[in-house]
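Encoded as structure tokens, the structure appears first; notes follow it.
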Amino acid sequence: MTELQPVVFLSHGAPPLADDRLWTSELSQWGTDLPRPKAILVISAHWDEKPITLGASEQRVPLTYDFWGFPQHYYTVRYDAPLAPELAARVEQLLGGQVHRDEQRGLDHGAYVPLKEMFPQADVPVLQMSMPGVDPRTLFAVGRKLAPLRQEGVLILGSGFTTHNLKWIDGQQGAEQTPRAESSEFDQWADEAMRRHDVDTLLDYAAKAPAANQAHSWPDHWAPLFITLGVADASGSLDNRTVIDGFWFGLSKRSWQFS
């Protein structure tokens, strides 16, 4: 039998994550500890497109360098993971066929930045799927439909950021800057809600989380969590653990694994 794959929500960082020795070592160890998947389905904060759309699965295309103002070497990074056409067909089946394809869209940095650290050999097939908006309950329902993939050896990876407000970043202080109270408070609230398996509270975060509008001025980086919650809920267990915590440029990099 195929080993049941965990479900992951991780904070993915920006391209300079590759220069952070602590965070890259944490991601590398996490990848080593995970059971080897047959394929990886990534849902990134950086792809919000309705209807649900699947990225390149039939032909290799360049990565999507969806960021601006960084040194040139960040635009030459490669991650040539195998394509996943069988997974694309299975996702279409599970979601009822209401899925589009974009064979010209390569992995964006929400996908390849963490995968390059976790699976550096780029030898596991990867497929990226868009979010159909950022409504928590809609995404939760999508996740529930995708749950059977776990039993088929697919690692479902939601890639966002536990707090994400770029106005908080102080480049002069560097990655070790002290997080603002709003970032720390949201991080603590999220940790506690996840420990309680409190899905209703998490889905209603905009009303119930402290500093929700500051921690996420736009909800795209929190939204992938709801798909992973749906997958875990439909699988019958919301048991989870924090694998990575702490802050990077004042943003919470807390990341969870559902068992």
Side-chain angles (χ1 to χ4, degrees), residues 1-10 12 27-47 49 52-64 77-132 139 142-160 224-232 234-235 237 243 255-259:
M1 293 181 62
T2 301
E3 183 174 4
L4 183 71
Q5 282 290 321
V7 185
V8 166
F9 172 83
L10 58 78
H12 63 242
L27 287 167
S28 176
Q29 186 61 56
W30 194 358
T32 298
D33 293 342
L34 286 168
R36 182 173 173 82
K38 291 184 176 179
I40 302 171
L41 178 65
V42 182
I43 301 94
S44 162
H46 295 279
W47 195 12
E49 183 172 344
I52 291 173
T53 304
L54 303 178
S57 65
E58 301 288 349
Q59 59 182 354
R60 186 170 303 285
V61 297
L63 297 175
T64 299
V77 172
R78 297 187 63 173
Y79 191 75
D80 297 326
L83 300 172
E86 296 86 0
L87 177 55
R90 181 65 172 134
V91 169
E92 288 179 323
Q93 182 183 43
L94 290 171
L95 296 181
Q98 298 178 348
V99 177
H100 285 196
R101 298 279 191 115
D102 184 351
E103 290 293 342
Q104 299 303 312
R105 195 182 196 282
L107 302 176
D108 65 42
H109 83 268
Y112 75 78
V113 165
L115 289 177
K116 195 168 181 64
E117 307 304 330
M118 298 176 77
F119 300 94
Q121 300 303 315
D123 55 357
V124 178
V126 178
L127 175 70
Q128 186 167 351
M129 184 186 88
S130 75
M131 298 185 296
L139 297 173
V142 170
R144 289 186 58 83
K145 293 180 180 180
L146 295 173
L149 294 175
R150 294 185 67 189
Q151 296 178 320
E152 299 166 17
V154 177
L155 173 64
I156 299 174
L157 190 156
S159 179
L225 174 71
F226 303 126
I227 291 183
T228 62
L229 278 173
V231 173
S235 301
S237 175
V243 181
S255 302
W256 292 276
Q257 178 176 318
F258 296 90
S259 58

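- Between Pro82 and Val124, the shortest heavy-atom contact is CD-O, 3.6 Å.
- When Ile227, Val7, Leu34, Leu10 are each tested for a side chain to side chain contact (heavy atoms under 4.5 Å, CB included) with Leu157, only one passes: Leu10.
- Residue Val231 comes nearest to Gly143 through the heavy atom pair CG2-O, 3.1 Å, listed as atom of the first residue, atom of the second, then distance.
- No donor-acceptor pair closer than 3.5 Å links the side chain of Thr228 to the backbone N or O of Val8.
- With hydrogens and angles ignored, the 3.5 Å screen pairs no side-chain donor or acceptor of Arg144 with any backbone N or O of Gly230.
- Residues Leu149 and Ile156 are in side-chain contact: their nearest non-hydrogen atoms beyond the backbone lie under 4.5 Å apart.
- Rounding to the nearest 0.5 angstrom, the gap separating the CG atom in Leu229 from the CZ atom in Phe9 is 9.5 Å.
- Side chain of Arg60 to backbone of Gly106: no donor-acceptor contact under 3.5 angstrom is found.
- Interatomic distance, Asp80 CG to Asp123 CG, rounded to the nearest 0.5 Å: 12.0 Å.
- Classified by interplanar angle (parallel below 30°, tilted 30° to 60°, perpendicular above 60°), the ring pair His109/His46 is tilted.
- Taking the side chain as every heavy atom from C-beta outward, Pro37 and Phe119 approach each other to under 4.5 Å.
- Side-chain atoms of Gln128 come within 3.5 Å of backbone atoms of Asp108 as a donor-acceptor pair (strictly under, hydrogens ignored).
- Pairing each heavy atom of Ser44 with each of Pro224, the nearest pair is C-CG, 4.2 Å.
- Around atom CZ of Arg78, no more than 12 heavy atoms belonging to other residues, nucleotides or ligands sit under 6.0 Å away.
- Note: Tyr79 OH to Leu115 CG = 4.5 Å, rounded to the nearest 0.5 Å.
- Looking at heavy atoms from C-beta onward, Phe258 lies out of side-chain contact with Ser237 at the 4.5 angstrom threshold.
- Of the possible polar contacts, one joining the Ser159 side chain to the Gly110 backbone as a donor-acceptor pair under 3.5 Å is found.
- Atoms OG and CG, on Ser130 and Asp102 in that order, are 9.5 Å from each other to the nearest 0.5 Å.
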Side-chain donor/acceptor pairs under 3.5 Å, residues 83-97, sequence neighbours excluded:
unit_1	atom_1	unit_2	atom_2	d
Arg90	NE	Glu152	OE1	3.0
Arg90	NE	Glu152	OE2	3.1
Arg90	NH1	Gln93	OE1	2.5
Arg90	NH2	Glu152	OE2	2.7
Glu92	OE1	Arg101	NH2	3.1
Glu92	OE2	Arg101	NE	2.9

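- Distance alone, capped at 3.5 Å, places no donor-acceptor pair between the Gln257 side chain and the Val243 backbone.
- Here the closest heavy-atom approach between residue Val61 and residue Glu103 is recorded as CG1-O, 3.3 Å.
- Remark: Glu49 engages no residue in a salt bridge (Lys or Arg N to Asp or Glu O under 4.0 Å) (not counting sequence neighbours).
- Between Val126 and the options Leu155, Ile40, Leu41, a side chain to side chain contact (heavy atoms under 4.5 Å, CB included) holds for only Ile40.
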| Is there a side chain to side chain contact (heavy atoms under 4.5 Å, CB included) between Met118 and Ser28 once you walk through the steps? | CA-CA 5 Å; Met118 298 176 77; Ser28 176; over 6 Å; no

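- Within the 4.5 Å cutoff, side-chain heavy atoms of Ile43 are placed close to those of Met131.
- The nearest pair of heavy atoms linking His12 to Ala45 is CE1-CB, 4.3 Å.
- Shown here is Gln98, whose CD atom has no more than 12 heavy atoms of other residues, nucleotides or ligands within 6.0 Å.
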